[in-house]
Amino acid sequence: MKNLRMPVIFSGHGSPMVALEHNDVTEGMAKTGRSVIQTYGKPKAILAISAHWYTDGTFVQSDEKPRQVYDMYGFPKELYEVKYPVSGNAELTDAVLSLLGGTVSVDNSWGIDHGTWTVFVHMFPDADIPVVQLSVNGRLTPAESYELGKKLTPLRDQGYLIVGSGNVVHNLRQVEWDNEGGTPMTLRFNQQITDAVISGDNRTVIDYAKLPDARYAVPTPDHFLPLLYCLGAAEGDSVSVFNNVCNLGSMAMTGFVFA
């Protein structure tokens with residue numbers, strides 16, 4: 001493994017059907033994964049922060065073989081046949097417990113959910129990098145989520161990759177299945193957040209609720225908070241953008257690589 005600090009990735013995941021798709025968005029995920037391995041070497045393990053493990057408290061997994069969770073309903077049979085069998089990593093779990101102390105507990109009742117595996121089947125298709133999920137704590141404010149992310153920064157120097165999965169804009173109630181782009185509200189909010197991330201204006205991202213389209217773009221915080229965990233873990237880093245596209249009317253697939 002190359003002696004470089006691992007980057008931090010935030011990826012939009014959108015519809016679970018992304019696992020079966022092969023298009024510009026999935027190629028953006030694949031290219032990002034290839035670039036990480038080519039530039040930094042294969043991570044020892046990945047700490048995945050998925051919007052779909054949204055909990056009352058902060059939890060981390062310790063399973064040697066975490067189960068794959070099909071936490072979505074009403075999709076084609078082919079989606080439930082997608083397999084992403086990964087190992088856990090006890091050293092990463094222990095490192096998270098050490099860094100977060102009494103604020104985190106082990107919980108193996110969940111697994112590797114679709115917020116993680118629908119992205120990773122493209123980003124790291126060989127499923128040969130161990131994965132440990134960290135929950136998104138619904139009790140925390142955006143600022144507290146950012147601060148928790150900062151505590152995870154040392155993992156990067158130990159060879160661990162941090163990947164957050166959610167969406168800058170995620171409004172299921174306003175999804176337009178026949179819309180290949182984004183609504184004006186989606187486009188405006190995504191652009192404001194993207195501009196803030198690129199310029200290092202983390203305060204604007206933390207205070208996203210003050211932006212004009214926030215109620216539409218982030219009706220619930222679960223899909224947005226993983227970005228704040230990533231921003232905290234990558235404080236001061238340069239950033240590159242991938243998949244800066246909006247679809248289904250009310251989804252933004254925008255991703256960031258912090259390095």
Side-chain angles (χ1 to χ4, degrees), residues 5-11 13 16 43-72 84-120 124 127 129-167 170 202 205-206 208 218 220-235 258:
R5 169 180 273 198
M6 280 288 165
V8 176
I9 300 172
F10 173 81
S11 178
H13 63 252
K44 286 168 57 179
I46 300 171
L47 183 68
I49 305 166
S50 167
H52 290 277
W53 197 21
Y54 188 67
T55 55
D56 185 15
T58 299
F59 301 99
V60 67
Q61 296 170 340
S62 66
D63 269 342
E64 183 179 348
K65 294 287 185 182
R67 68 188 180 97
Q68 184 173 348
V69 182
Y70 297 90
D71 55 320
M72 65 280 177
Y84 195 77
V86 291
S87 300
N89 185 278
E91 290 183 2
L92 176 53
T93 298
D94 289 344
V96 171
L97 291 170
S98 176
L99 290 171
L100 300 185
T103 64
V104 63
S105 302
V106 170
D107 184 343
N108 291 321
S109 64
W110 193 235
I112 307 302
D113 62 53
H114 85 265
T116 296
W117 60 260
T118 63
V119 174
F120 284 11
F124 305 108
I129 305 172
V131 178
V132 172
Q133 278 205 191
L134 178 72
S135 74
V136 177
N137 187 345
R139 291 182 186 176
L140 300 183
T141 65
E144 289 169 337
S145 299
Y146 180 85
E147 291 300 319
L148 189 151
K150 287 172 65 175
K151 294 179 181 179
L152 300 173
T153 303
L155 296 175
R156 302 171 59 192
D157 293 315
Q158 299 170 33
Y160 299 117
L161 177 67
I162 298 172
V163 181
S165 176
N167 291 97
H170 184 272
N202 291 344
V205 187
I206 292 169
Y208 71 89
V218 190
T220 58
D222 46 298
H223 278 68
F224 194 86
L225 291 180
L227 173 57
L228 294 177
Y229 281 65
C230 291
L231 277 181
E235 188 177 59
F258 304 91

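When reading the values below, keep in mind they use all heavy atoms of this one structure, side chains included, and skip hydrogens, waters and symmetry mates.
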Do [X] and [Y] have side-chain heavy atoms sitting under 4.5 Å apart?
{"X": "Tyr54", "Y": "Pro221", "answer": "yes"}
{"X": "Ile162", "Y": "Met6", "answer": "no"}
{"X": "Phe124", "Y": "Ile46", "answer": "yes"}
{"X": "Asp107", "Y": "Trp53", "answer": "yes"}
{"X": "Lys151", "Y": "Leu100", "answer": "yes"}
{"X": "Ile129", "Y": "Val86", "answer": "no"}
{"X": "Val131", "Y": "Pro66", "answer": "no"}

Smallest separation among heavy atoms of [X] and [Y], with atom names:
{"X": "Ala95", "Y": "Gln158", "result": "CB-OE1, 3.9 Å"}
{"X": "Ala45", "Y": "Leu92", "result": "CB-CD2, 3.8 Å"}
{"X": "Pro154", "Y": "Leu99", "result": "CG-CD2, 3.9 Å"}
{"X": "Cys230", "Y": "Phe10", "result": "SG-CB, 4.1 Å"}
{"X": "Lys65", "Y": "Ser87", "result": "NZ-OG, 3.0 Å"}
{"X": "Pro130", "Y": "Gly88", "result": "CB-O, 3.5 Å"}

Give, for atom [atom1] of [X] and atom [atom2] of [Y], the distance between the pair rounded to the nearest 0.5 Å.
{"X": "Gln61", "Y": "Ser109", "atom1": "CD", "atom2": "OG", "result": "8.5 Å"}
{"X": "Ile112", "Y": "Tyr84", "atom1": "CD1", "atom2": "OH", "result": "9.0 Å"}
{"X": "Glu235", "Y": "Glu147", "atom1": "CD", "atom2": "CD", "result": "7.5 Å"}
{"X": "His223", "Y": "Ser50", "atom1": "NE2", "atom2": "OG", "result": "7.0 Å"}
{"X": "Leu155", "Y": "Leu161", "atom1": "CG", "atom2": "CG", "result": "10.5 Å"}
{"X": "Trp110", "Y": "His52", "atom1": "CH2", "atom2": "NE2", "result": "9.0 Å"}

(request) Could you verify whether a donor N or O on one side chain and an acceptor N or O on the other, from His13 and Ser165, lie under 3.5 Å apart? (result) yes
(request) Scan side-chain atoms only and decide if Ser62 and Asn108 contain a donor-acceptor pair under the 3.5 Å cut-off. (result) yes
(request) From the options Val96, Val104, Val136, select the one residue that forms a side-chain contact (heavy atoms from CB on, under 4.5 Å) with Thr58. (result) Val104
(message) Using the side-chain contact (heavy atoms from CB on, under 4.5 Å) definition, which of the options Leu225, Thr116, Val163, Leu152 pairs with Ile49?
(response) Leu152
Hey, does the side chain of [X] reach the backbone of [Y] with a donor-acceptor pair shorter than 3.5 angstrom?
{"X": "Asp71", "Y": "His114", "value": "yes"}
{"X": "Ser135", "Y": "Asn137", "value": "no"}
{"X": "Arg5", "Y": "Thr153", "value": "no"}

(message) Quick check on the 6.0 Å ring-centre criterion: do Trp117 and Tyr70 meet it?
(response) yes
(message) Evaluate Phe258 against Leu231 for side chain to side chain contact (heavy atoms under 4.5 Å, CB included), listing each step before the verdict.
(response) CA-CA 8 Å; Phe258 304 91; Leu231 277 181; 3.6 Å; yes
